[in-house]
Amino acid sequence: MYPHTFILLGASGDLAKKKIYPTIWYLYRDNLLPRTTKFVGYARTKQTLAEVREKCKKYMKVRPGEGNKFEQFWAANEYLSGSYDKRVDYEMLNQLISKFEKGPTANRIFYLAVPPSVFEDVTVNIKNACISIKGFTRVIIEKPFGRDDVSSDKLSNHLTGLFKEEQIYRIDHYLGKEMVQNLMTIRFANQIFNPAWNRENIASVLISFKEPFGTEGRGGYFDDFGIIRDVMQNHLLQILSLVAMEKPVTLNPNDIRDEKVKVLRHIQPIELKDILVGQYIGNPEGQGDEKLSYLDDPTVPKGSVTPTYALVALWINNARWQGVPFILRCGKALNERKAEVRVQYKDVPGDIFNGHAKRNELVIRVQPGEALYLKMMSKSPGMKFDLVETELDLTYSTRYREADVPDAYERLILDVFTGTQMHFVRNDELKEAWRIFTPVLNQLESDSIQPVPYVYGSRGPLEADKKLQDYDFKYSGIFNCVISRLH
Ligand code: BG6
């Protein structure tokens, strides 16, 4: 096996300690990486590897019996401090990496966990001083990929000048989630869904993301972006493209991404009439942080109108979807943590049940607790001839008790080692995403549109329910068995 080096730039930052170090440890622990992989952390902070280890400690789970392996993992690690903008420091980095690259072939993966302000310097210096000369070089990058179409294009052009598209892995960690990956299988490996997956049968599609906490000191970053850029323009739009795209020619990553881009191209830029924005206010009866408004966060500028909640309807003008609202909804400081897709079918035509039949709904729950269930009507068991709403239920925790669903980051980082770009965002997808969102984002800012207040811990602005009705999404009942199992 050829040597691989995983270089983590920004190794002293939050993302590195909370997410990336734990992820590479789990991959190492489970013997999923090439045995000869070396890990090199690089950041401005002058510190020893022991200090890096100490900072990551509380985020890395080490189970009984894994102590030796954990020592081996750290023994395979190096740390080097250096600037982000001086070539000479990257030459030192290159020397350090080269030390472990004995033999004719050696591959390098760079993970950029660095702030956007140094992104250009870092990539130029990698290109100038750290490219592998006897194997592949891949770079993993994280959002923000700009904050509108212009800045994103600038960044893309910069990257295109340095690396080929096959070398660039743009992470959208939602593409690493089990149920998001399952969307293609559900749609294209089952004959029952596909014939009805269209405007003749589906009334609306709701894709939602809810989080029960606010910005928690991250307000400085968040305020410049807002929930639409933070979650909707990337995570939710990616889910939408997988729900709405046509069947790809093959499972080849570029065939899949071709279809994702195609469906995005059918979407018109969002209009102001199709958007509702909200911002959370404190709940005087709540506990701790719940008492605090978004504007109470000391890192948030006074009077900010940045949305922490948004509901948007997108329209796909193609033969399959014309007239079907795709509703994207996301918010922080809400009543629960949940991400799911609800495909709501139309009312049954020619009703013979006096209006008692409720709509079918296919629900794909991304988190928490992966599940797929189909809400349907059935005769109530027994003498009566009444209707009851019930579910065909595939809840993972009961159906796949032994299954070990990996974390999104683990899956995606492993994909980079194996060179699979299926679950990464291609340049043209990103461009389409910004085309759809930029005009309305500009308008929200230029007109200083006031977000509707909603209380921390609530379901969001009350106006959202009315909007859902307008977009032909009918809310009816709850999924009892899953809910009760979760509690
Ligand atoms: C990130 C956003 O991309 O996704 C965060 O920047 C958000 O604001 C997070 O909290 C949610 O990810 P997950 O995997 O916890 O649903």
[X] to [Y] six-membered ring, cation-pi geometry met (6.0 Å, 45°):
X	Y	result
K19	Y59	no
R218	Y221	no
K177	Y174	yes

From [X] [atom1] over to [Y] [atom2], what is the distance, rounded to the nearest 0.5 angstrom?
X	Y	atom1	atom2	result
L276	I449	CG	CD1	11.5 Å
E370	L394	CD	CG	10.5 Å
I228	C330	CD1	SG	7.0 Å
R257	N252	CZ	CG	9.0 Å

Can you see which heavy atom on [X] is nearest to which on [Y], and at what distance?
X	Y	answer
Y373	R342	OH-NH2, 3.4 Å
K17	P22	O-CD, 3.2 Å
P195	N201	O-ND2, 4.1 Å
D472	Q344	O-OE1, 3.7 Å
K474	E361	O-OE1, 4.2 Å
I7	R108	CD1-CB, 4.1 Å

Using only atom types and a distance under 3.5 Å, with no angle test, would you say the side chain of [X] pairs donor to acceptor with the backbone of [Y]?
X	Y	result
W434	F145	yes
K18	G13	no
N198	E200	yes

Problem set entry | Residue pair F209, D230: steps toward the side-chain contact (heavy atoms from CB on, under 4.5 Å) verdict | CA-CA 11 Å; F209 165 96; D230 191 42; over 6 Å; no

Exercise. Between E66 and R63, is there a side-chain N and carboxylate O pair less than 4.0 Å apart?
Worked result: yes

Exercise. In this structure, which one of Y21, W25, Y28 forms a ring pair (Phe, Tyr, Trp, His ring centres under 6.0 Å) with W74?
Worked result: Y21

So does [X] have more than 12 non-hydrogen atoms from other groups sitting under 6.0 Å from [atom1]?
X	atom1	value
Q287	CD	no
K247	NZ	no
K431	NZ	no
L272	CG	yes
K57	NZ	no

Exercise. Yes or no on side-chain hydrogen bond (donor to acceptor under 3.5 Å, both in side chains) for D223 and T306, after CA distance, side-chain angles and deciding distance?
Worked result: CA-CA 6 Å; D223 197 72; T306 297; 3.0 Å; yes

Problem set entry | Steps toward salt bridge (charged side-chain N to carboxylate O under 4.0 Å, His left out) verdict (E445, R229) | CA-CA 13 Å; E445 271 165 35; R229 292 184 180 90; 3.2 Å; yes

Exercise. Can you find a heavy atom in the side chain of L27 that is under 4.5 Å from one in the side chain of T23?
Worked result: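 The answer is yes; the side chains approach within 4.5 Å.
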
Problem set entry | Side-chain heavy-atom pair M60, F73 within 4.5 angstrom cut-off | yes

Problem set entry | Sole candidate of H235, Q238, H423 that passes side chain to side chain donor-acceptor pair (under 3.5 Å) when paired with D172 | H235

Problem set entry | Aromatic contact, Y26 with Y409 (centres under 6.0 Å) | no

